[in-house]
Amino acid sequence: MIKFDQVHKRYPGNLGALQNITFEINAGELVFVTGPSGAGKSTLLKLITAIETATHGTIIFENQNLAQVKSTSIPYIRRKFGLVFQDHKLLYDRNCFENIALPLEINGVEINDIRGRVRAALDKVGLLNREKSMPISLSGGEQQRLAIARAIACRPSILLADEPTGNLDKKYADEIMNLFYSFQELGVTVIIATHEMPIVSKKHKQLYLQDGNLIRMTEQ
Amino acid sequence: MIKFDQVHKRYPGNLGALQNITFEINAGELVFVTGPSGAGKSTLLKLITAIETATHGTIIFENQNLAQVKSTSIPYIRRKFGLVFQDHKLLYDRNCFENIALPLEINGVEINDIRGRVRAALDKVGLLNREKSMPISLSGGEQQRLAIARAIACRPSILLADEPTGNLDKKYADEIMNLFYSFQELGVTVIIATHEMPIVSKKHKQLYLQDGNLIRMTEQ
Amino acid sequence: MNYLTGHYQMFIKALQRSHASLLSTLMMFLVIGITFILPSISFLIVQNLKSISENIQHESQISIFLKKDTSADAKNKIEKELKNRSEINSYHFVKKEEAWPKLQKSMGFNDSNNGLSENPLPDAFFISPNTMNPNQILDLKSFIEKLDGVDQVVVDTGWVKKLNSVLHLANKAILLASVLLASMLTVVIGNTIRLQMTSHHEEIELSKLIGATDQFIRRPFLYSGFIFGLGGGLTAAIILKLIVIFLNHTVIEVEALYGSQFSIIDLNPLEYLSIVGGSVLIAVAASFISINQSIKKF
Amino acid sequence: MNYLTGHYQMFIKALQRSHASLLSTLMMFLVIGITFILPSISFLIVQNLKSISENIQHESQISIFLKKDTSADAKNKIEKELKNRSEINSYHFVKKEEAWPKLQKSMGFNDSNNGLSENPLPDAFFISPNTMNPNQILDLKSFIEKLDGVDQVVVDTGWVKKLNSVLHLANKAILLASVLLASMLTVVIGNTIRLQMTSHHEEIELSKLIGATDQFIRRPFLYSGFIFGLGGGLTAAIILKLIVIFLNHTVIEVEALYGSQFSIIDLNPLEYLSIVGGSVLIAVAASFISINQSIKKF
Ligand SMILES: Nc1ncnc2c1ncn2[C@@H]1O[C@H](COP(=O)(O)OP(=O)(O)OP(=O)(O)O)[C@@H](O)[C@H]1O
Ligand SMILES: Nc1ncnc2c1ncn2[C@@H]1O[C@H](COP(=O)(O)OP(=O)(O)OP(=O)(O)O)[C@@H](O)[C@H]1O
Ligand SMILES: [Mg+2]
Ligand SMILES: [Mg+2]
């Protein structure tokens with residue numbers, strides 16, 4: 001499903017954000033991308049979702065070379081992903097409901113279906129009673145959960161989460177992780193970037209990055 | 001130095017963000033505020049720094065009742081604090097240098113001294129070589145360190161940090177913690193809110209919150 | 001989702017956004033309105049001055065005074081020559097018997113038998129040329145001077161003429177100013193839309209990241225530009241109409257004082273419509289350009 | 001830190017901020033400029049029309065034609081009476097011997113010995129009253145009519161008079177429009193500063209949280225308002241000057257064509273200065289109000 005072949009990524013000020021990365025992720029897998037701060041985890045996720053483009057090498061997503069995809073087709077590829085951003089990217093001028101409704105509107109979901117699907121997503125992260133709150137009035141952990149709710153609202157076929165449990169205590173972190181596992185069980189491909197590997201009993205793949213290099217790839 | 005007496009905090013949508021909180025923090029102490037997501041940790045820090053006002057009870061800071069302080073004096077009280085916000089609050093339209101220069105400008109530091117002090121702060125968090133970078137081009141952990149650099153640039157007498165290591169891997173987290181400890185050794189009062197207590201060998205106080213209640217106060 | 005429903009939803013959304021910053025929207029209406037009023041009102045003033053000056057100017061621009069003893073035959077010959085000249089727009093003949101009472105009247109003597117003696121005026125032709133080119137007019141003058149029976153040819157150097165040529169130039173200046181103001185308006189509206197997009201940059205960035213098409217992002221801002229144009233154009237039209245009504249009211253008072261007919265020429269409905277239409281067109285075009293420039297940056 | 005140095009730093013910062021959004025700043029200059037030009041140009045037009053109408057009006061507003069056989073004694077008596085009337089601003093006496101060549105000339109006969117017969121005109125007084133009140137003028141008329149030796153009294157009902165009263169009213173309308181435009185400008189500038197603060201809301205919020213005083217936050221925006229005012233005022237003054245120069249140029253062309261003196265009345269330097277000063281004043285005041293309203297929300 002996702003295939004990296006000798007991918008390099010250079011930023012203007014950083015010439016080795018990712019170096020010579022080669023791996024493959026199959027549909028339905030659960031993958032952890034780990035490594036210390038600045039290792040390139042977020043960059044890897046950005047490459048998959050065509051937010052950044054590779055400097056060298058090829059990235060194949062669903063048999064398409066991302067470097068050759070027309071820019072008008074990019075939006076339709078992105079709609080297949082559910083994204084949890086490291087900095088959440090919540091809209092502070094809309095309430096929780098409207099934040100989650102946005103991807104549904106973009107996907108062209110019927111206005112009558114939006115209400116139900118927003119509620120279902122909020123319910124999954126335990127924020128149903130905060131529907132009308134503004135994100136600013138949520139605690140840090142609550143905001144993180146809101147961002148997760150937004151990512152799953154569109155029932156994506158691939159879920160990419162960047163540090164989804166950084167601000168969460170153990171109890172909520174476990175709940176969120178279980179949520180991700182349950183998605184995987186429904187056939188969704190799940191990719192999680194995190195600086196500390198959680199204790200996982202499930203079968204999963206791990207990509208360990210350091211200074212832009214893929215040091216280790218394990219499968220359990 | 002800081003004294004809470006039966007403090008309650010209610011938000012419009014949340015009537016028990018903090019309930020009946022009583023404690024005291026002395027100058028030079030190292031204090032951890034812990035508890036699960038939504039327990040009220042950030043709210044507690046906001047009350048100390050007069051960002052929010054208590055609904056009931058009295059908060060004494062340096063022998064002043066915060067509820068009775070004139071609004072024109074609030075800025076001068078705030079300048080005594082160094083603040084690390086949970087959401088960083090970096091300015092994305094300024095580079096790293098300018099982000100750290102802001103509190104120095106506010107404190108009226110001579111323009112000639114600003115350069116040296118900004119550099120010193122960046123150096124302490126290992127970002128000296130990113131001086132001219134925009135925050136958006138920093139990784140999540142680097143942004144967190146930038147926020148910490150900004151808080152310490154003014155050499156505050158009290159340091160309040162809200163989840164300062166949430167996005168950091170163990171190595172950097174330890175380094176940052178050691179930085180905080182070194183500040184405490186210089187006589188600075190340090191208050192850290194975190195959802196998971198780090199392993200601390202130093203003498204410290206811990207306030208454990210849950211659902212707005214101060215469940216436990218330990219001193220080690 | 002039905003395409004129309006989507007458009008409708010987006011339109012509502014754009015309206016809500018405009019509503020959220022009601023003050024800015026109204027301000028924009030005013031700015032556009034005033035920018036349109038500026039040339040329109042100058043146009044109106046010029047039109048009115050023109051009509052005033054035409055009302056006054058019973059006198060033609062070239063006067064031909066005939067010799068006292070000119071025969072009817074010679075007069076007819078002159079008339080024939082005038083007919084053949086292409087520079088002449090119109091002419092009329094005034095007999096001395098008609099001219100004398102008129103002159104007396106215009107000097108304030110209301111009855112003709114008040115002691116003024118015999119008619120001192122000659123017969124005359126009064127000509128409106130259809131050119132303002134001084135060379136052509138001088139040619140015409142010397143041509144006429146050579147005709148039999150012509151005593152004197154006077155080219156009108158009155159202020160009315162001057163006013164007319166100033167007005168003529170003023171019209172050109174207004175046209176130029178309109179073009180300048182239209183391009184200024186393009187900048188103003190484009191800039192406002194750009195600012196609007198900047199202030200929604202988080203929303204736009206996020207939308208792009210989660211798969212919104214450019215079209216989806218563009219739509220509310222395009223509607224916003226449309227609303228600016230419509231509101232601004234209507235504001236201009238309404239204020240203009242109010243000004244005309246106010247001035248006409250003033251004029252009526254003046255009339256009551258001195259007893260004469262004179263009313264402000266209004267713009268016709270088509271001209272009003274073209275103000276609104278032009279405003280909408282400029283606004284939508286400006287928005288479109290501005291959006292397409294900005295959208296690439298996100 | 002030295003207080004002045006601080007102010008200077010902040011000023012540079014505000015300039016940089018204006019520089020960052022150069023387009024918006026220039027746009028603001030234009031908007032303010034045009035808003036000021038609107039009433040100024042109308043004022044200019046009215047002033048000029050007034051002066052034109054005064055130039056034309058050699059004719060006085062009340063003409064007194066004396067009987068042909070009036071003695072010098074009766075004439076002096078009439079003059080004495082006119083001197084005593086307070087409604088009369090000025091008068092002058094025209095002998096028939098002076099009037100006749102003038103009339104001939106004004107009709108286009110350049111030499112007096114061209115076949116027109118004997119002088120048909122009477123002696124006359126021409127009076128400028130200092131009132132426009134029709135009742136007073138009618139009183140004056142009937143008073144003069146009863147004097148010995150007066151043949152006829154004619155009150156001028158010409159269009160010049162009408163134009164003058166329209167211009168008089170126009171001046172009032174301009175004053176009203178100026179007040180309206182000034183308040184509109186207050187809204188526009190205030191709104192722009194508000195938007196500027198909104199777009200820097202993160203910076204303002206953070207600054208407040210880490211101990212900035214309201215004064216510190218207010219300063220760059222106040223400078224920004226000052227720059228808007230200064231730039232806008234200068235823009236208005238410069239464009240206005242250019243318009244006057246352009247019009248004068250046009251007028252000179254017209255003069256060359258018809259040979260007469262007439263030049264556009266310019267605003268005097270003090271009036272130019274007051275445009276710039278007024279602009280700065282309005283901008284700073286509007287910014288101050290807007291900042292103080294917005295600053296509370298953060
Ligand atoms: N837009 C950019 N421009 C320049 N350098 C960048 C940019 N984005 C990231 N970098 C650099 O690339 C490196 C990898 O960044 P990345 O965000 O992928 O790290 P990360 O593994 O996600 O770290 P963290 O755990 O701290 O979030 C970092 O050194 C970062 O400073
Ligand atoms: N401005 C606000 N308006 C309404 N409710 C608020 C506001 N700020 C916080 N709350 C609520 O108060 C409770 C405590 O919030 P607080 O931010 O203090 O939690 P926290 O302990 O910092 O949690 P986290 O670890 O997730 O950051 C939460 O339920 C939150 O939703
Ligand atoms: Mg990252
Ligand atoms: Mg918190």
Side-chain angles (χ1 to χ4, degrees), chain B residues 42 45-52 69-94 98-114 117 135-136 146-147 149-160 162, chain D residues 1-25 28 192-224 227 288-289 291-298:
Chain B
S42 301
L45 299 197
K46 283 177 189 159
L47 287 176
I48 295 175
T49 50
I51 293 170
E52 295 281 357
V69 170
K70 272 186 300 173
S71 67
T72 49
S73 307
I74 294 281
Y76 300 97
I77 293 185
R78 292 220 181 119
R79 291 186 194 174
K80 295 185 178 157
F81 299 113
L83 293 178
V84 181
F85 301 96
Q86 191 166 10
D87 54 355
H88 307 173
K89 293 199 196 295
L90 298 173
L91 301 179
Y92 290 95
D93 54 353
R94 303 172 169 229
E98 290 162 342
N99 263 284
I100 296 180
L102 181 68
L104 297 170
E105 285 166 10
I106 288 173
N107 273 268
V109 173
E110 289 269 5
I111 197 152
N112 303 322
D113 298 352
I114 286 183
R117 289 180 62 173
I136 197 73
L146 185 63
R150 188 180 57 196
I152 62 178
C154 279
R155 301 176 193 144
S157 59
I158 310 169
L159 198 58
L160 293 107
D162 201 349
Chain D
M1 184 170 57
N2 183 304
Y3 187 72
L4 273 180
T5 324
H7 256 275
Y8 177 72
Q9 272 180 37
M10 283 299 142
F11 192 75
I12 295 296
K13 220 169 161 184
L15 277 176
Q16 280 169 342
R17 180 168 303 156
S18 304
H19 183 80
S21 55
L22 189 64
L23 191 65
S24 319
T25 308
M28 202 61 204
T192 305
I193 294 286
R194 197 176 59 77
L195 277 181
Q196 220 180 59
M197 289 183 82
T198 309
S199 78
H200 285 84
H201 77 107
E202 278 148 359
E203 184 179 332
I204 295 173
E205 274 164 23
L206 175 71
S207 299
K208 277 208 156 186
L209 291 181
I210 60 180
T213 55
D214 280 3
Q215 212 189 338
F216 180 93
I217 293 165
R218 190 187 291 128
R219 233 183 284 161
F221 297 101
L222 215 51
Y223 285 130
S224 200
I227 292 168
F288 198 79
I289 295 169
I291 294 169
N292 279 5
Q293 279 178 350
S294 296
I295 218 167
K296 280 180 208 139
K297 289 190 210 126
F298 291 109

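We use all heavy atoms of the structure for the numbers below, so side chains are in, but hydrogens, waters and symmetry mates are not. Here is how names work: the chains are called A, B, and so on, in the same order as the sequence lines, proteins then strands, and each is numbered from 1.
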B:Arg79 and D:Thr213: CA distance, side-chain angles, deciding distance, side-chain contact (heavy atoms from CB on, under 4.5 Å) verdict: CA-CA 10 Å; B:Arg79 291 186 194 174; D:Thr213 55; 3.6 Å; yes
Criterion side-chain contact (heavy atoms from CB on, under 4.5 Å) on B:Glu105 and D:Phe216, from CA distance to verdict: CA-CA 9 Å; B:Glu105 285 166 10; D:Phe216 180 93; 4.2 Å; yes
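Among B:Ile106, B:Asn107, B:Leu90, the residue making the largest number of heavy-atom pairs under 4.5 Å with chain D is B:Ile106.
Residues that satisfy the salt bridge (Lys or Arg N to Asp or Glu O under 4.0 Å) test with D:Lys297, not counting sequence neighbours, are absent from this structure. Partners of B:Asp113 by side chain to side chain donor-acceptor pair (under 3.5 Å), not counting sequence neighbours: none found.
In this structure, D:His200 and B:Leu91 have side chains that are not in contact, with every pair of non-hydrogen atoms separated by 4.5 Å or more.
Contacts between B:Phe85 and chain D at a heavy-atom distance below 4.5 Å involve the side chain alone, from C-beta outward. With a threshold of 4.5 angstrom between heavy atoms, D:Leu206 approaches chain B through side-chain atoms but not through N, CA, C or O.
With B:Arg78 contributing its side chain and D:Ala212 its backbone, the two residues share no donor-acceptor pair below 3.5 Å.
With values rounded to the nearest 0.5 angstrom, D:Leu209 atom CG is found 7.5 Å from B:Leu83 atom CG. With rounding to the nearest 0.5 angstrom, the NZ atom of D:Lys208 is 12.0 Å from the CD1 atom of B:Ile51. One finds the CD atom of D:Glu203 at 10.0 Å from the CD atom of B:Glu98 (value rounded to the nearest 0.5 Å).
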